[in-house]
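See below for the structure under consideration.
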Amino acid sequence: MNLTTLLLGDQSPSLRWRTAVELEGAANDDDDVKAWQSEIGASPAVQSLLARLAAAERPQAAGYLLCQLAYLGYRGPELATAVDAIFAHQQPDGSWPLPLDVDNDQPARKPRRGAPPGPARSDGPRFITMQTVVPLRGIAAAGFATDPRAERAYEWLLRERLHDGSWPAGPKADLGGPGQPSLPEKAYRRLTRGDGCRSATTGAVACLALHPHRNRSDAARIGVDHLLARETREESTLGWELSRLVGLERAMGQITFYVSFDPAFLLDLASRCGVSPEDGRLRDLVTWLETLRGPYGLWEHHAHPQLSRWLTFDLECSLRRLADGWSAPS
């Protein structure tokens with residue numbers, strides 16, 4: 001049985017629509033394509049995400065909901081409304097502010113009477129890279145990467161790069177100032193051959209990958225280079241980002257938002273940022289992935305077997321972009 005036939009037989013209208021358009025090259029006026037696109041908007045998964053988007057108060061939460069809706073193929077007017085709401089929180093320098101409580105993602109509580117005072121605000125982080133990365137990726141996924149307000153956020157992101165082209169999790173107010181080096185990143189999220197944070201660098205590259213011009217920039221290429229430097233791969237994390245995008249895993253964490261190393265997500269980023277398929281590291285990654293193909297050419301999702309068709313679609317799209325020398329539309 002043909003691989004795309006298997007994908008087109010899935011119960012998800014989003015997967016059927018994306019397979020037809022992105023893998024089969026079906027035109028937008030195709031009867032099946034139009035029918036599936038109508039089903040997407042009415043699907044329980046999209047309706048649930050739209051309800052959460054309407055209630056989202058934090059730019060970071062709204063940003064990832066936009067990523068999820070875009071991944072499912074939804075293109076309704078609610079996206080533009082949500083993007084404007086996210087921009088309403090943007091700071092003059094292009095970044096987004098920290099929430100009141102960056103540890104547990106809840107508003108800060110008033111101290112109890114008689115309790116010792118907490119640390120002064122200047123003792124906390126000046127910024128966390130992820131606080132800008134997550135909303136910016138959502139804005140770009142919704143189709144607004146070239147909005148002047150988004151471009152300001154991209155410029156902020158570029159200014160915060162370290163000397164080696166990676167991104168820090170976020171310097172502390174008493175460490176990262178002029179002439180004051182920041183502490184090294186924690187070992188579990190440190191880049192293999194860079195000074196930056198793997199989670200922050202992954203998020204920054206994910207933003208650049210969705211920009212029609214910046215995706216082929218030196219910043220994007222160097223960022224992917226840092227991510228490709230990791231030589232160990234775990235089958236257990238293959239498709240981790242996909243499982244969050246379709247809602248089977250919770251998107252959570254501040255500094256650690258992208259801490260899980262997902263080979264499928266890395267291949268997606270590399271294919272969008274113009275990495276040559278002849279790159280030895282990328283070739284090794286593809287070879288490793290091909291060893292995991294199962295019957296009928298499908299990849300099995302380790303944690304959620306029901307996502308095997310989605311994972312196969314995702315990897316097939318990345319492999320085709322690499323083979324075709326993909327470039328973003330102008």
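All values derive from a computational prediction rather than experimental measurement.
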Requested in this report: Report the relative orientation of the aromatic rings in Tyr71 and Trp310; use parallel for angles under 30°, tilted for 30 to 60°, perpendicular for over 60°.
Outcome: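 It falls in the tilted class, 30° to 60°.
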Report task. List the steps, then state whether side-chain contact (heavy atoms from CB on, under 4.5 Å) holds for Val133 with Tyr258. Result -> CA-CA 10 Å; Val133 160; Tyr258 290 109; 4.1 Å; yes
Query raised in the report: Atom CG of Leu191 and atom CG of Leu227: how far apart are they, to the nearest 0.5 Å?
Result: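 That separation rounds to 6.5 Å.
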Query raised in the report: Got a second to check how far Ile86's CD1 is from Thr81's OG1, nearest 0.5 Å?
Result: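 Those atoms lie 11.0 Å apart.
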Query raised in the report: Under 6.0 Å between the ring centres of Phe144 and Phe87?
Result: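 Not close enough - the centres of the two rings lie 6.0 Å or further apart.
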Requested in this report: Just do the side-chain hydrogen bond (donor to acceptor under 3.5 Å, both in side chains) check on Arg152 and Gln90 with the steps written out, would you?
Outcome: CA-CA 10 Å; Arg152 210 160 67 238; Gln90 189 179 31; 3.2 Å; yes
Whether [X] side chain and [Y] backbone form a donor-acceptor pair below 3.5 Å:
| X | Y | answer |
| --- | --- | --- |
| Asp262 | Trp240 | yes |
| Ser243 | Leu248 | no |
| Arg320 | Leu23 | yes |
| Ser14 | Leu72 | yes |
| Trp167 | Leu157 | yes |
| Ser48 | Pro44 | no |
| Arg75 | Ala70 | yes |
| His304 | Gln306 | no |
| Arg16 | Gln11 | yes |
| Asp93 | Trp156 | no |

What closest approach, in Å, do [X] and [Y] show between heavy atoms, and which atom pair accounts for it?
| X | Y | result |
| --- | --- | --- |
| Cys273 | Val205 | SG-CG1, 4.2 Å |
| Ala141 | Cys67 | CB-CA, 4.2 Å |
| Ala56 | Leu65 | CB-CD1, 4.2 Å |
| Arg198 | Ser260 | NH1-C, 4.1 Å |
| Gly41 | Gln47 | O-NE2, 2.6 Å |
| Ser166 | Asp164 | OG-OD1, 2.7 Å |

Requested in this report: Could you go through the side-chain contact (heavy atoms from CB on, under 4.5 Å) check for Leu285 and Leu289 one step at a time?
Outcome: CA-CA 6 Å; Leu285 174 60; Leu289 287 168; 4.1 Å; yes
**Report entry** Worked check of side-chain contact (heavy atoms from CB on, under 4.5 Å) between Thr192 and Thr232
**Finding:** CA-CA 10 Å; Thr192 304; Thr232 57; over 6 Å; no
Query - salt_bridge(Arg281, Asp284) N-O dist < 4.0 Å - result: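 Here Arg281 does not pair with Asp284 in a salt bridge, since their nearest N and O are not under 4.0 Å apart.
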**Report entry** Lys/Arg N to Asp/Glu carboxylate O, Asp225 vs Arg193, below 4.0 Å
**Finding:**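 No, Asp225 and Arg193 are not salt-bridged.
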Query raised in the report: Under the salt bridge (charged side-chain N to carboxylate O under 4.0 Å, His left out) test, which residues partner Arg230, sequence neighbours left out?
Result: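 Scan of Arg230 (salt bridge (charged side-chain N to carboxylate O under 4.0 Å, His left out), adjacent residues dropped) gives Glu234.
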Side-chain touch [X]/[Y], heavy atoms, less than 4.5 angstrom:
| X | Y | result |
| --- | --- | --- |
| Glu290 | Leu319 | yes |
| Arg272 | Leu208 | no |
| Tyr296 | Thr5 | no |
| Asp195 | His163 | yes |
| Trp299 | Glu235 | no |
| Leu136 | His211 | no |
| Leu50 | Tyr74 | yes |
| Leu315 | Leu311 | yes |

Requested in this report: Establish whether Leu210 and Val275 are linked, either directly or via other cluster members, by ILVMFWY side-chain heavy-atom contacts under 4.5 Å.
Outcome: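 In one cluster with Leu210: Val275, no.
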Query - Leu292 reachable from Val286 in the ILVMFWY side-chain graph, under 4.5 Å edges - result: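 Both belong to a single hydrophobic cluster.
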Using residues 28-35 as the side-chain source, report each donor-acceptor pair under 3.5 Å to any protein atom, sequence neighbours left out, with the distance given to one decimal.
unit_1: Asp30; atom_1: OD2; unit_2: Asp32; atom_2: N; d: 2.9
unit_1: Asp30; atom_1: OD2; unit_2: Val33; atom_2: N; d: 3.1

Requested in this report: Report yes or no: is the cationic atom of Arg244 (NZ for Lys, CZ for Arg) closer than 6.0 Å to the six-membered ring centre of Tyr64, at no more than 45° off its axis?
Outcome: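 Geometry flag: set, cation within 6.0 Å and 45°.
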Report task. Evaluate the side-chain contact (heavy atoms from CB on, under 4.5 Å) criterion for residues Leu267 and Leu322: first the C-alpha distance (whole Å), next the side-chain angles of each, then the deciding distance (0.1 Å), finally the verdict. Result -> CA-CA 9 Å; Leu267 185 67; Leu322 286 172; 3.6 Å; yes
Requested in this report: Tell me yes or no: between the side chains of Thr4 and Asn2, is some donor less than 3.5 Å from an acceptor?
Outcome: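 A pair is found: one side chain offers a donor N or O, the other an acceptor, under 3.5 Å apart.
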Query raised in the report: Among Arg18, Arg309, Arg321, Arg293, whose salt bridge (charged side-chain N to carboxylate O under 4.0 Å, His left out) with Glu316 holds?
Result: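 Of the listed options, the one satisfying the test is Arg293.
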